Amino acid sequence: MPRVIVVGSANVDFVVQTPHIPRPGETVLGHSFVMAMGGKGANQAVGAARLGADVLFVARVGMDIFGDQCVQTYRAEGIDTRYITRDPEEATGVALIAVAADGENSITVASGANMRLLPEHVEAAQEAFSQADALVMPLEVPLDTVMTAARIARAHGVKVVLNPAPARTLPRELLQAVDVLTPNRIELAQLAGIAEQDILNLTDEQLGQILLGLGVNEGIVTLGAEGALVIDRHRTVRIPAFRVQAVDTTAAGDAFNAGLAVALGQGSDLQQAARYASACGALAATKMGAQPSLPTADEVAAFLAQH
Ligand code: RIB
C-alpha cells in the first residue's frame with residue numbers, strides 16, 4: 001500500500017446545476033443544489049485513500065461545524081488526520097460552484113482557514129515524511145507552505161507531485177524541488193508567462209519544451225477530452241482520454257492527481273501512472289460533486305478492464 005502525504009486545502013462545496021455558467025451581471029435560474037465535501041487538497045487526499053493508499057492529510061480548517069464535518073469525513077475515509085489543525089479565527093474554506101449542462105464548471109473559493117496553513121504546520125508533520133512514497137499538493141494554501149513541504153519531501157527522497165491549480169506563477173526554487181508537475185494548458189500558460197490564446201496553437205512537442213523549460217524533469221499536461229501529454233527529458237507522448245459522458249468535471253483534476261500519486265507511489269512509470277490517473281479523472285467526471293465522485297480502486301480496475 002503506497003504511503004501518500006497531501007498538503008493542501010479543505011473546503012465545503014455549494015454546488016448549483018445551471019443551464020449555463022452565468023456571465024458577469026447575469027442571473028441564471030439553476031435547478032438542483034447539493035452541498036458536498038471538496039477542496040483540491042482534500043479531494044486529492046480522499047481520492048488517494050479510496051484508491052487504497054495510506055494517506056496523511058496536512059490541512060487547516062475552522063472551529064466551525066464545517067470544520068467538524070471535514071475532519072469526520074476524512075476519518076471515515078481512513079485518512080490520518082493527526083496534522084489537521086483548527087484555526088480559532090478563520091472559517092473553514094468554502095467554494096461556490098456552478099455546474100453547466102455540459103459538465104463544465106466555474107468555482108469561486110473563500111479560502112478562510114486554508115490560508116492559515118503555515119510552514120510550521122508542515123514542519124510539525126516532518127517525521128511522517130520519512131515513511132512516505134509520494135507527496136501531492138495543489139496550490140490553494142500559502143506558497144511558503146507548499147515550498148516547505150516540497151523541501152522536506154525532497155530531503156526524505158519522497159516523490160513530489162505538484163498540481164499547479166489554481167493557476168499562478170511559481171518561483172523557480174519551488175519548480176526545481178518538484179518531480180512531476182501536472183498543469184492543464186491554461187496553468188502551463190500562466191507558469192510560463194504565455195498568453196492563453198497563444199498556447200492553444202502550440203504542438204505537443206512545443207508544450208513539452210515549455211514544461212521542461214520551467215525547470216522540472218518530468219510532467220504531465222492535462223488536456224481534458226484531448227488526453228494528456230506525458231513529458232520527460234527524452235520525449236513527449238500523448239495518451240488519449242477515456243471517453244465518458246461528463247456530468248460534472250469538478251474534481252476530475254484532483255482525481256487525476258490522486259491516481260497519479262498512488263500509481264507512482266506503487267512504482268509505476270510515468271506513462272503507466274498517467275493512464276491510471278486518466279481513468280480516475282474520467283470516472284470522477286461521470287458523477288456530481290467533488291468527493292462524492294471520486295472512484296475507488298475497484299471501480300478504476302473495472303473501468304480499465306473495459307477500456
Ligand atoms: O478541484 C475542485 C475543487 O476546487 C472544489 O472541490 C473546490 O472546493 C475547489 O477547491
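Atoms within each ligand, like the ligands themselves, are counted from 1 in listed order. Keep in mind that what you see is a predicted model, and the values were worked out from it rather than measured. Note that these values count all heavy atoms, side chains included, but never hydrogens, waters or copies made by symmetry.
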Ionic contact status for Glu90 with Arg60, cut-off 4.0 Å: no
Is ligand 1 less than 4.0 angstrom away from at least one heavy atom of Gly39? yes
Which residue from Glu140, Gln291, Gln44 reaches closest to atom 10 (O) of ligand 1 through any of its heavy atoms? Glu140
A student checking ligand 1 against Ala290 at a 4.0 Å heavy-atom cut-off should list atoms 6 (O)
Which residue holds the protein heavy atom closest to atom 4 (O) of ligand 1, what is that atom called, and what is the gap in Å? Lys40 NZ, 3.2 Å
Please report the shortest heavy-atom distance between His121 and Val58, naming the atom on each side. O-CG1, 4.0 Å
How long is the span from the CG atom in Leu229 to the CD atom in Glu205, to the nearest 0.5 Å? 8.5 Å
Closest approach of Pro183 to Leu191 (non-hydrogen atoms, all atoms of both residues): CB-CD1, 4.3 Å
Separation of Glu187 CD from Ile199 CD1 (nearest 0.5 Å): 10.5 Å
Among protein heavy atoms, which sits nearest to atom 7 (C) of ligand 1, and what does the distance come to when rounded to 0.1 Å? Asp13 OD1, 3.4 Å
Can you figure out which of Leu96, Val12, Asp254 has its heavy atom closest to atom 1 (O) of ligand 1? Asp254
Hey, is Arg151 close enough to Asp144 for a salt bridge, meaning N to O under 4.0 Å? no
How long is the straight-line distance from OG of Ser268 back to CG of Leu260, given to the nearest 0.5 Å? 9.5 Å
So if I count the atoms of ligand 1 from 1 in the order they appear, which ones are less than 4.0 Å from some heavy atom of Asn43? 2 (C), 3 (C), 5 (C), 6 (O)
Using a 4.0 Å cut-off to any heavy atom of Ala95, which atoms of ligand 1 qualify? 7 (C), 8 (O)
Can you sort out which atoms of ligand 1 are near Gly38, meaning under 4.0 Å from one of its heavy atoms? 6 (O), 8 (O)
For ligand 1, which is the ligand I care about here, please tell me if Asn11 has any N or O atom under 3.5 Å from one of the ligand's N or O atoms. yes
